[in-house]
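Here's the structure, in structure tokens; my notes come after.
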Amino acid sequence: MDHFLYRDGRLMAEDVALDEIAAAVGTPFYCYSAATLTRHFRLLDEALAGTEHLVCFAMKANSNLAVVKLLGDLGAGVDVVSGGEYRRARAAGIPGARIVFSGVGKTKAEMRLALEGGIRQFNVESEPEMLALDAVAREMGVRAPVAVRVNPDVDAKTHEKISTGRKEDKFGIPISRAREVYREAAGLAGLEVVGIDVHIGSQLTDLAPFEQAYRKVAELTAMLRADGHDIRRLDLGGGLGIPYQKSNAAPPLPSDFGEMVRRVLGDLGCEIEIEPGRLIAGNAGVLVSEVIYVKHGEERQFLIVDAAMNDLIRPAMYGAHHDVVPLVEAVPGVEAEVYDIVGPVCESGDTFAKQRALAPLAAGDRIAFRSAGAYGAVMASEYNSRPLVPEVLVSGDQFAVIRARPDFDEMLKRDTIPEWL
Ligand SMILES: *Cc1c(COP(=O)(O)O)cnc(C)c1O
């Protein structure tokens, strides 16, 4: 459920008409709903109630400071995957004790940054990384709390590019080698083993692969404890899917996920961490765009809009589907037109949707791409020298620009022409 609904024929973000924001900010822009972000966080938090737990928002899904602060104020921790995200988390007021650092390629500088600023745990993904972290921590005279990310060799049955828990994926260490790696970790004076980490992929629409992976984690926990390790936290990763398409079957409910986690892992007495990104932010955001031209091709009609692949790359990168809705509600009974919805970028890949049936639209009409709150703005680039799209946050009847559209002077100033040219 989200808070982008029609009221009196206008598409609203909570109590603000998106058309009103468009008039103030210009298109394209991202708009997030605070009530939706809050609702999604609470659903997950409540799903794990009764078990000691921390919901760590995966910041790579949406790292705007206002979004991160909103979630942090609700009690969320965060999962960061770079020094940049770590800095953002701290700037948004997240205490180090609620920051988990994931990622396969942490540099020593990033490790130092997090150890200096405070960190809950590093999820280490390889032995070389473990040795590097040990060295950095010893240099600083501290012990780095670590969980080892294990690869359970489970097929999440999701999109190829967001599957991470199979043998052939680059993430984690094979679960078959876990005991050996934990033994090695326990022998390193700069490390303190605190738990186990697993993350098998993104946009999972079925609980079965999670359960398969978590059963392996439960077995491993028992084994590692028998080996003398103090396994007190289990980080279960993110990956819960969201409905991108109204017509599709609904993905698992957070409450069912929580129930399964309790059933599979509840007896171990571990603190549970989860790292949801998409489930919290995905349906809490839309990308609003304006139709520039309607072009009648020989076989197709093209809706050429002012947003492009550089603003929202998911359709081009993953073939992802985003529902598209007009800001002015279609009159009931009007006959639909079929459009290819494309952006202005000089790439055939700059196509948001093919053969999409919509009530007839004209130049100047506005549309919203739904489910754009996760992996939207964060993946944007300035390809074709298009300025980054602004972000807006709505809460009730108020809205604020939480990242302004850069002006062109600002963009040009970032380049330098050498004196000798
Ligand atoms: C991407 C990622 C997440 C978040 O995944 P979602 O599908 O957005 O929930 C969590 N943990 C790790 C380690 C990730 O790489």
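When a ligand or atom number is given, it counts from 1 through the structure's own listing order.
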(message) Under a 3.5 Å cutoff, is there a donor and acceptor pairing between the side chains of Glu125 and Asn123?
(response) no
(message) Heavy atoms only, cut-off 4.0 Å: how does Asp79 contact ligand 1, side chain, backbone, both, or neither?
(response) side chain
(message) Please list, in number order, the atoms of ligand 1 under 4.0 Å from a heavy atom of Arg278.
(response) 6 (P), 8 (O), 9 (O)
(message) Ile99 and side chain to side chain contact (heavy atoms under 4.5 Å, CB included): which single residue from Arg90, Met59, Gln121 fits?
(response) Arg90
(request) Give the atoms of ligand 1, by number and element, whose distance to some non-hydrogen atom of Pro276 is under 4.0 Å. (result) 9 (O)
(request) Measure His199 to ligand 1 on non-hydrogen atoms and call it side chain, backbone, both or neither using the 4.0 Å cut-off. (result) side chain
(request) Give the residue and atom name of whichever protein heavy atom lies nearest to atom 11 (N) of ligand 1, and the separation in Å to one decimal. (result) Glu275 OE1, 2.5 Å
(request) From atom 9 (O) of ligand 1, work out which of Ala58, Gly103, Ser202, Gly239 has a heavy atom at the shortest distance. (result) Gly239
(request) Would you check if the side chain of Glu129 reaches a backbone N or O of Lys106 as a donor-acceptor pair within less than 3.5 Å? (result) no
(request) Look at atom 15 (O) of ligand 1 and say which protein heavy atom is nearest, naming residue and atom and giving the distance to 0.1 Å. (result) Lys60 NZ, 2.8 Å
(message) For Ser202 and Arg278, which I'm curious about, is there any donor-acceptor pair between the side chains at under 3.5 Å?
(response) yes
(request) Give a yes-or-no answer on whether the side chains of His3 and Thr36 include a donor-acceptor pair shorter than 3.5 Å. (result) yes
(message) Can you report which non-hydrogen protein atom sits closest to atom 8 (O) of ligand 1, along with the distance?
(response) Tyr375 OH, 2.5 Å
(request) Return yes if a side-chain donor-acceptor contact under 3.5 Å exists between Glu347 and Tyr383, otherwise no. (result) yes
